[in-house]
Amino acid sequence: MTTTEPTEFTVTARREHAVLVVRVAGELDYDTSDELVDEVVRQLTAGPTPPAEVRLDFGALTWIDSSGLSALLMIHRRTSALGAVLHLDDRPEILERLLQVTNVLGHLTAPVADAERGRPEAGDGTSVARATGARATGARAADTRTSDTRAADART
């Protein structure tokens, strides 16, 4: 049996005016996901103003598991809270497949809400929406009622 060594995980970040670019390389998993979240949060809070955009470059990503996906969702939450737009750039097939299988691709690539007009802006398919309250994921909205409420509704 052949075994291969895991690819070294690295995170490099640079700020270009109002854009934070974070390059992710190697395996994003249980052992490395905290490192990514910590670096992005550190960069988001490093300057006097947060960046308007955060671009995660996955061109050198070799593996991602559920912990890595959780890290992306945490980053989405932090960027949205600051009003920054998150982009998932250069996604390899392993990331695309995970986003589709877990049905979060639509959530992470939803168009950005235009706060002034209250409607979505045209996006490039890689933008993450700002937090705007309840939103449909996939083809239908999530039912947030309790099972007791649904059962009572069914009886009426």
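The basis for the numbers below is simple: all heavy atoms, side chains too, and nothing from hydrogens, waters or symmetry mates. Bear in mind the structure is a predicted one, so any value in this text is a computation, not a measurement.
For the pair Pro92 and Phe58, the tightest heavy-atom approach, listed with the atom from each and the gap, is CD-O, 3.4 Å. Between Leu105 and Glu96 the shortest heavy-atom distance is CD2-OE1, 4.2 Å.
Partners of Ala13 by side-chain contact (heavy atoms from CB on, under 4.5 Å), not counting sequence neighbours, listed by chain and number: Leu20, Val22, Glu39, Gln43.
Met74 and Phe9 fall within the same hydrophobic cluster, defined by Ile, Leu, Val, Met, Phe, Trp and Tyr side-chain heavy atoms under 4.5 Å apart, directly or through other members. In this structure, Tyr30 is not a member of the same hydrophobic cluster as Ile75, with clusters built from ILVMFWY side-chain heavy atoms closer than 4.5 Å. The same ILVMFWY cluster, assembled from side-chain heavy atoms under 4.5 Å apart, contains both Leu72 and Val41. A single hydrophobic cluster is seen to contain both Val37 and Val104, as judged by linkage of ILVMFWY side chains at heavy-atom distances under 4.5 Å, directly or through other members. Cluster membership for Ile94 and Leu99, using ILVMFWY side-chain heavy atoms within less than 4.5 angstrom, is shared.
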Listing, residues 61-70 side-chain donor-acceptor contacts under 3.5 Å, not counting sequence neighbours, or none:
unit_1	atom_1	unit_2	atom_2	d
Thr62	OG1	Gly26	O	3.2
Asp65	OD1	Ser67	N	3.0
Asp65	OD1	Gly68	N	3.1

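Within the 4.5 Å cutoff, the side chain of Glu53 has no heavy atoms near those of the Thr79 side chain. Within the 4.5 Å cutoff, the side chain of His76 has heavy atoms near those of the His107 side chain.
Atom CZ of Arg15 sits in a crowded spot, with more than 12 heavy atoms from other residues, nucleotides or ligands closer than 6.0 Å.
The distance from the CG atom of Leu98 to the CD atom of Glu93 is 11.0 Å, given to the nearest 0.5 Å. Rounding to the nearest 0.5 Å gives a distance of 12.0 Å between CG of Leu56 and CG of Asp90.
Listed for the Arg55 side chain is no donor-acceptor partner under 3.5 Å among the backbone atoms of Asp57.
Checked options Leu44, Leu88, Val85; the residue passing with Val54 is Leu44 (criterion: side chain to side chain contact (heavy atoms under 4.5 Å, CB included)).
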